[in-house]
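Written below as structure tokens is the structure these notes are about.
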Amino acid sequence: MTVAILADIHANQEALTKVFEFLEDRNIQRIICLGDIIGYGPNPREALKMLFHSEVAIMGNHEEAVMFYGEDFNPKARASLEWTKDQLNSSEYERTENYDLWNFLGTMQQVVEDGDVMYTHGSPRVPTREYVVPADIRNQEKMAGIFDLIKKVCFIGHSHIPHIYTSDMKHAAPDALKGAIDLRKLGDRKILINAGSLGQPRDGDPRASFVTFDGNIVRFHRVEYDHQTTVDKIYAEERIPNFLADRLLVGR
Ligand SMILES: [Fe+2]
């Protein structure tokens with residue numbers, strides 16, 4: 001059965017709503033969430049609630065930071081982190097509803113393996129922290145260390161750049177793959193697949209990015225959403241830096 005693999009939602013309710021509509025139209029109900037549901041965006045409570053039913057919920061660095069301490073957060077990320085934390089503890093809501101949000105965060109795991117498929121946020125080496133970006137393909141030691149920990153397939157997020165990396169040190173953007181890759185053609189090679197960011201893409205395309213996977217074929221998708229509403233919500237919230245709104249318009 002096909003699963004939708006969603007990463008880096010970043011409290012973007014409008015993008016998540018549109019992606020859910022896309023999935024409903026195709027009768028895809030199984031959701032795997034690769035972390036960073038919250039942070040940066042204006043609707044952390046709503047985004048968490050919309051993903052309560054995820055089959056797998058991976059902890060991103062933003063969930064880790066809200067539960068523990070985000071020592072490596074820059075000032076803009078920290079401002080949104082503190083605001084997010086206050087939202088999740090807001091006395092405007094029933095206490096039990098706040099508990100539900102925190103309990104969900106508490107269930108999140110850093111790495112989940114299902115047969116030879118692995119799910120994590122950043123990389124299998126440092127699950128919530130390590131970035132894998134296209135330039136890393138020249139860093140053989142790093143990539144070999146990562147592939148050593150993968151049985152066959154690993155889905156990640158974190159960099160907000162949809163991309164694939166294979167253990168023969170090749171890599172490709174979704175466009176070069178015409179939007180899909182058939183894993184049966186990998187042979188002995190292993191593969192690392194970044195689903196891109198649903199709620200804050202940084203590859204120059206502002207549409208929501210995610211993948212679907214039917215057990216053989218991974219498809220990359222982009223879905224348009226109403227950016228302006230999300231942007232206006234961020235502008236209206238004094239404690240979230242405007243920069244985090246502006247970047248949604250350009251996907252950077
Ligand atoms: Fe993220």
Side-chain angles (χ1 to χ4, degrees), residues 4-16 19 31-48 50-51 54 56-85 87-88 104-105 108-112 119-134 136 154-163 192-211 220 222-223 225 227 230 234 240-241 243-252:
I5 302 173
L6 317 178
D8 297 282
I9 291 92
H10 286 299
N12 187 332
Q13 188 181 358
E14 289 70 36
L16 190 54
V19 169
I31 305 286
I32 293 192
C33 182
L34 299 184
D36 279 7
I37 296 175
I38 56 173
Y40 299 143
N43 290 106
R45 300 181 68 95
E46 292 75 11
L48 285 168
M50 288 168 81
L51 290 158
S54 300
V56 172
I58 296 290
M59 186 197 294
N61 52 312
H62 283 257
E63 283 89 20
E64 185 178 63
V66 100
M67 282 189 286
F68 306 106
Y69 183 72
E71 75 229 21
D72 55 350
F73 273 55
N74 64 45
K76 285 185 177 114
R78 176 156 301 284
S80 85
L81 169 69
E82 294 303 331
W83 178 83
T84 298
K85 210 183 278 184
Q87 290 300 301
L88 303 186
F104 179 46
L105 290 168
M108 293 180 180
Q109 294 168 275
Q110 295 203 355
V111 177
V112 169
Y119 305 102
T120 189
H121 182 64
S123 95
R125 293 200 309 188
V126 195
T128 57
R129 301 286 173 87
E130 185 172 59
Y131 288 92
V132 181
V133 294
D136 287 327
C154 179
F155 289 95
I156 55 167
H158 197 37
S159 73
H160 297 208
I161 296 170
H163 215 77
L192 189 61
I193 300 161
N194 192 313
S197 169
L198 191 146
Q200 197 200 82
R202 293 179 194 161
D203 62 337
D205 179 345
R207 296 175 298 166
S209 173
F210 61 100
V211 302
F220 287 87
R222 299 309 280 248
V223 168
Y225 74 95
H227 307 88
T230 320
I234 296 176
I240 312 181
F243 156 78
L244 294 169
D246 298 337
R247 69 186 312 172
L248 295 180
L249 296 168
V250 291
R252 287 277 178 212

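Given the structure is predicted, the values throughout are model-derived calculations rather than measurements. Counting starts at 1 for both ligands and their atoms, in listed order.
- To the nearest 0.5 Å, atoms CE (Met108) and CG (Leu34) are separated by 11.5 Å.
- Shortest distance from the Fe ion (ligand 1) to Asp8 is reached at OD1 (N/O/S atoms only).
- At a cut-off of 3.5 Å, with distance as the only test, no side-chain donor of Asp36 or His158 sits close to an acceptor on the other residue.
- Ala47 approaches Ile9 most closely through the heavy-atom pair CB-CG2, 4.3 Å.
- Distance check for His62 against the Fe ion (ligand 1): none of its N/O/S atoms falls below 2.8 Å.
- Checked for salt-bridge contact, Arg222 and Asp203 meet the test: a charged N lies under 4.0 Å from a carboxylate O.
- For His10, the N, O or S atom with the smallest separation from the Fe ion (ligand 1) is NE2.
- Among heteroatoms of the N, O or S kind in Asp36, OD2 lies nearest the Fe ion (ligand 1).
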